Amino acid sequence: MTQGGRRPLVAGNWKMNGTRSSIAVVEQIRENLSPDLAARIDVLICPPSTLIGSCVAATYGSSIAIGGQNLHARTSGAFTGSISAEMLADLGAKYVIVGHSERRAYHHETDDGVHAKALGARRAGLCGIICVGETIEEREQGRALDIVRAQLAIGLPKGATAADTVIAYEPVWAIGSGRTPTPRDIAEVHASLREMLDKLAGDEARKIRILYGGSVKPSNAREILSLDNVDGALVGGASLVAEDFLGICAAYA
Ligand SMILES: O=C[C@H](O)COP(=O)(O)O
């Protein structure tokens, strides 16, 4: 299921879940991820920022990466409650989610803001996972492709490469709902984003991975992850349970 030479990435987004006892989940993932699988796919956990340091320590010496769920675009300053890319990198984070639909919806993030944050991630040497996705109304109006393409066109920094950018297609209505688009619909959006990336960002962009996110679970992972141009998954709820997350990773076994 490796496509175009792109190494699959299975990423977990814990959202606002987890306390210190949740480090056990990361430890279980570390202990039970088979060496064979770890050699073939990238595995990432994005816990709440309170747990990043502990999760980095718990995965030290393994291939499991730890990431943030959000960042401020600036390096430092009077931005109470915010965390910069440099701070995440300082903790040992390697990735950061940018423009998740929950932040777009509840924190009024715009595509321009996503662009600025993606630049911030790059500046600090982090890989930004830029999220795009349509609402149910937009899909029903037949606008899904236009919406995600417009989000990508503005959000993606010029000169993006696989080292600093991952794209995640997450239909808003599929997140935490148990509903997923049809395989055909997922493949259609991924093909469209792939085509756009290849044109927008040049040769280096061919290696940029496009993840699917939205109600991915062990029972549907194999089908979704085998679709053309799907290079991995951004997993919410199922990443909170080690067995479920590993079950999704096992789609690549
Ligand atoms: O970032 C992850 C997504 O929002 C998917 O969440 P979910 O797997 O709970 O639907």
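Treat the numbers as computed from the prediction; the structure is a model and nothing was measured. We count ligands from 1, going down the list as the structure has it; atoms in each ligand are counted the same way.
The single protein non-hydrogen atom nearest to atom 8 (O) of ligand 1 is Gly236 N, 2.9 Å, given as residue, atom name and distance. The protein heavy-atom contact nearest to atom 9 (O) of ligand 1 is Gly237 N, 2.8 Å. Regarding atom 2 (C) of ligand 1, its nearest protein heavy-atom neighbour is Glu170 OE2, 3.1 Å.
Counting heavy atoms under 4.0 Å from ligand 1, residue Ile175 touches it through both backbone and side chain.
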Which atom pairs, donor and acceptor, lie under 3.5 Å between side-chain atoms of residues 16-24 and protein residues at least two apart or in another chain?
unit_1, atom_1, unit_2, atom_2, d
Asn17, ND2, Trp14, O, 2.9
Thr19, OG1, Ser21, OG, 3.2
Ser22, OG, Thr19, N, 2.9
Ser22, OG, Thr19, O, 3.0

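Checking side-chain atoms of Gln69 against main-chain N and O of Lys15 turns up a donor-acceptor pair under 3.5 Å. Counting only distance, with no hydrogens or angles, the side chain of Arg209 and the backbone of Arg7 share a donor-acceptor pair below 3.5 Å.
When each of Lys117, His100, Glu102 is paired with Asn70, the side-chain hydrogen bond (donor to acceptor under 3.5 Å, both in side chains) condition holds for Lys117 and for no other.
Under the 4.5 Å side-chain criterion, counting only non-hydrogen atoms from C-beta, Leu197 is in contact with Leu156.
Checked against a 3.5 angstrom limit, the closest N/O atoms of Ser215 and ligand 1 fall inside it. Here's the thing with Gly176: one of its N/O atoms is less than 3.5 angstrom from an N/O atom of ligand 1.
Those atoms of ligand 1 that come under 4.0 Å of a heavy atom in His100, given as number and element, are 1 (O), 2 (C), 3 (C), 4 (O). Atoms of ligand 1 found under 4.0 Å from any heavy atom of Gly214 (numbered from 1 in listed order, with element): 5 (C), 10 (O).
With rounding to the nearest 0.5 angstrom, the CD1 atom of Ile64 is 7.0 Å from the CZ atom of Arg30.
For the ligand labelled ligand 1, residue Ala174 lies inside the 4.0 Å heavy-atom shell. Using a 4.0 angstrom heavy-atom cutoff, Lys15 counts as in contact with ligand 1.
Around atom CD of Gln141, more than 12 heavy atoms belonging to other residues, nucleotides or ligands sit under 6.0 Å away.
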